[in-house]
Amino acid sequence: MATFLYRLGRFSFRRRRLVLMFWIALLAVVGIAAAGASGRTTDTFSIPGTQSQKALDLLNEEFPQASADSATARVVFEAPDGGTLTAGGNKAEVEALVADLGRAHQVKTVSDPFRAGTVSEDGSIGYAQVTYAVADADVSDRARTDLEHVADTGERAGLHVSMGGTAVAAQAEQSSTELLGLLIAAVVLVITFGSLVAAGLPLLSALFGVGLAVLSLTLASSALGLSSSTSTLALMLGLAVAIDYALFIVSRFRGELRNGHAPEEAAGRALGTAGSAVVFAGLTVVIALAGLGVIGIRMLTDLGFGAAFAVIVAVVIALTLLPALLGFAGDRIGAGRLTTRRMRAVERGEREPMGVRWSRFVLRRPVKVLVTAVAGLLLLATPALSLELGMPSDESAAPGSTQRVAYDTISKGFGPGYNGPLSIVLDARGSDDPKAVARDAVALLDGLPDVASVSPAAFDRSGGVALISAVPGSSPSSRSTIDLVADIRDRGARFQADTGAELMVTGTTALNIDISDKLSGALVPYLCVVIGLALILLMLVFRSILVPLKAAAGFLLSVLATLGVVVAVFQKGWFADALGVDQTGPVVSILPIFMIGVVFGLAMDYQVFLVTRMREEYVHGAEPKEAVVAGFRHGARVVTAAAVIMIAVFSGFILSDQSIIKSMGLGLAAAVLLDAFVVRMTIVPAVMALLGRRAWSLPGRLDRLLPNVDVEGEKLRHLLDDATEPAARPERVPTGRG
């Protein structure tokens, strides 16, 4: 691989205009296509094998009039202060608005608050339930515009109108989070390279790659209806890794120039060495993210594949476009130098870099440093013992948004449970008297302690399947509602044994509970798979058993500590005000398992870029501790810069008004901080010092079985050195015979 990348680097450098024009043309084509795409998104879920999905499928088959998988909206009306909706003028206005809703685009049915009994006891609040003829992903812009027009008309008439439900488009505020991360990244790159040109190349290639990835996902979403968070998370992760990968290659390119190589040769060698590590690091991220698709939840699959695609684009850009940009820069890569006196002293060898001094400090006290670092991470991980998972809903919407206002208004007028009614499906087709069984089911539900109300059973046309609505007494995400769903299912099993009729719970609330349960169950197996993958991949790279075990243990520590930080902030509310977290509650269900995939890839990035140099020095004859110091001398500054850039990019998303993006931003920023600086920069050298030569040992039989992937490009270096030796030797003159 190193030889191929060496040739690719020289080709891209030499044919830089052709490579640049190709990427510009591709970006233009994708951009034009994305501009004409609808960009529709969806956050609906399908979780085969669960009771809620089974009941939903039965409703679609036997009870099509229920429109179980159709988009819905809830339009909430509140009378002006001191007034009621039942007053003459207000009532007439609500009825007119309901009529307008019935005529809105794609609307199938609308419930009148006065006829459906959805007006509060004091008459001040009411709501209309809107059911669409299409699924969430197919709700058109025109339909949403009609919905917003009804709300605006009601507001002008003096009513307070708010909307919630799956058909209501999320009103995510535009922010400068991406710009903030880029500005910090630019400052870090300038400090790292001491050159405006060198700092600008990673930013330019990263922006190009992220733009192409996001536009491609927008185009794909118009056909596939991807999750609404897919592009944002692809932007977040793609921007961070693209800058980092370019940073490593540019740093190696400058090193090759300092070694006296011509620019084209330096580009080839940089790609053959650092480029090989970039390919491996990107591959680990892609595998971990793509593996999320096996869990079977559409939203998680979208997030995983979308982010994986962004990483693939970042790797390809780093291997092709970046060498072309290096061709345009050439020897001017160091132009616009902005170096401090300290940096110049380090370059002249008059002062040791900070990374070298830190590594020597750790090597002098490996046991104390190791115990302190591990204890600190375990302390941070303590809150994760009380981890609770849940799905985002209108309850967690941004304060002041129409979804959040609608949720709070419903809670005030009727109770929090009305925001998440349970749909109870009764399959009585095998019963002798379905209607009697339905009455028994209603009585059973009505007798449960946390049920606020139960509607009469509504049968399908065949009279064998009934739909019952039960309103919990608590909010949809509360522990009481989760326990209520479990209680209904437990009693349903006994009910089926007694009557022969199956009682199943579905609806958005039950689906969210089932998703959280499924993700909780998949968390440990997925973690084991990722750790197993890490052991295999790192064994291939480092030709060692102990180094991969150490890396996997460090990854596990950083993940647990990160989960502890997320639980502390978003579930327990610690430092919530400082971070702008307005609503605490269960952690978003997809966050832990998604974060494991991402953190695994990033952890392997730092492991590869830092430890491969240690192995290279050790193979060349350095003592184990000297190899650690050499690895820090060449890699610590770049790894530190890469980590700071990632932290900056991820931290910018903490300012987002969407809870899922905010929590992922904090989680990923904390993960990079802990893994890069505590695990890789502290625990790794301490363990390496304690292991000594044993760190690089590999049984002979296993050594023969494992292929040599040569991530550090050692074979390429020997090949190039051998190729230059004949030119330096005197040519032998044949003497002939006799």
Side-chain angles (χ1 to χ4, degrees), residues 1-3 5-6 248-249 251-252 255-256 259 269-281 283-284 353 355-356 358-360 362-363 366 534-555 603-639 642 675-676 679-700 702-721:
M1 180 174 66
T3 304
L5 292 177
Y6 167 78
F248 289 120
I249 293 176
S251 178
R252 182 57 68 95
E256 297 294 341
N259 290 337
R269 288 175 177 257
L271 223 64
T273 52
S276 298
V278 164
V279 171
F280 173 81
L283 179 63
T284 59
V356 171
W358 171 252
S359 65
R360 287 177 175 162
V362 174
L363 293 176
L535 292 174
I536 295 173
L537 292 177
L538 293 179
M539 198 178 298
L540 291 174
V541 174
F542 298 118
R543 319 294 298 176
S544 165
I545 293 179
L546 295 179
V547 170
L549 287 173
K550 167 188 61 64
F555 159 68
M604 296 309 103
D605 280 3
Y606 303 131
Q607 181 75 14
V608 169
F609 288 120
L610 190 61
V611 182
T612 48
R613 197 59 183 255
M614 297 181 190
R615 180 176 183 272
E616 182 179 337
E617 296 295 330
Y618 177 77
V619 170
H620 286 167
E623 292 297 317
K625 289 187 177 182
E626 294 176 0
V628 172
V629 174
F632 270 75
R633 175 177 285 109
H634 295 288
R637 185 179 182 86
V638 178
V639 169
D675 194 87
V679 175
R680 308 303 155 190
M681 306 284 281
T682 305
I683 293 179
V684 165
V687 174
M688 297 294 285
L690 294 174
L691 292 178
R693 295 184 181 277
R694 294 188 302 274
W696 305 110
S697 62
L698 185 68
L702 186 59
D703 187 32
R704 290 189 296 272
L705 289 175
L706 293 176
N708 190 349
V709 295
D710 190 29
V711 171
E712 66 273 14
E714 192 65 22
K715 290 182 178 179
L716 171 64
R717 187 174 292 107
H718 289 313
L719 179 65
L720 295 176
D721 290 343

Undergrad: Please find the pair of heavy atoms, one from V687 and one from K550, that lie closest to each other, and give the distance.
TA: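 The answer is CG1-CD, 3.4 Å.
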Undergrad: Minimum heavy-atom separation for A686 and V362, please, with both atom names.
TA: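 Looking at all heavy atoms of both residues, the closest pair is N-CG1, 3.6 Å.
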Undergrad: Run W696 and V547 through side chain to side chain contact (heavy atoms under 4.5 Å, CB included) and show every step you take.
TA: CA-CA 7 Å; W696 305 110; V547 170; 4.1 Å; yes
Undergrad: To the closest 0.5 Å, what do you measure between CG (L271) and CD (E256)?
TA: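 Answer rounded to 0.5 Å: 11.5 Å.
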Undergrad: Would you call K625 and V629 a side-chain contact if the rule is heavy atoms closer than 4.5 Å?
TA: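 When only atoms from C-beta onward are counted, V629 and K625 do not touch, as no gap falls below 4.5 Å.
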Undergrad: So, for L610 and R680, which heavy atoms are closest and what is the spacing to 0.1 Å?
TA: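 The answer is CD2-O, 3.5 Å.
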Undergrad: Kindly give the heavy-atom pair with the smallest separation between R693 and P624, and that separation in Å.
TA: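 Of all heavy-atom pairs spanning R693 and P624, the closest is CG-CG, 3.6 Å.
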Undergrad: I'd like to check F248 versus V638 (side-chain heavy atoms, cut-off strictly below 4.5 Å). Are they in contact?
TA: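 Heavy-atom side-chain distance check passes, below 4.5 Å.
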Undergrad: Please list, chain by chain and in numerical order, all residues satisfying side chain to side chain contact (heavy atoms under 4.5 Å, CB included) with V628, sequence neighbours excluded.
TA: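 L363, M614, F632, P685, M688.
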Undergrad: Closest approach of T682 and W358, non-hydrogen atoms and distance?
TA: OG1-CZ2, 3.5 Å
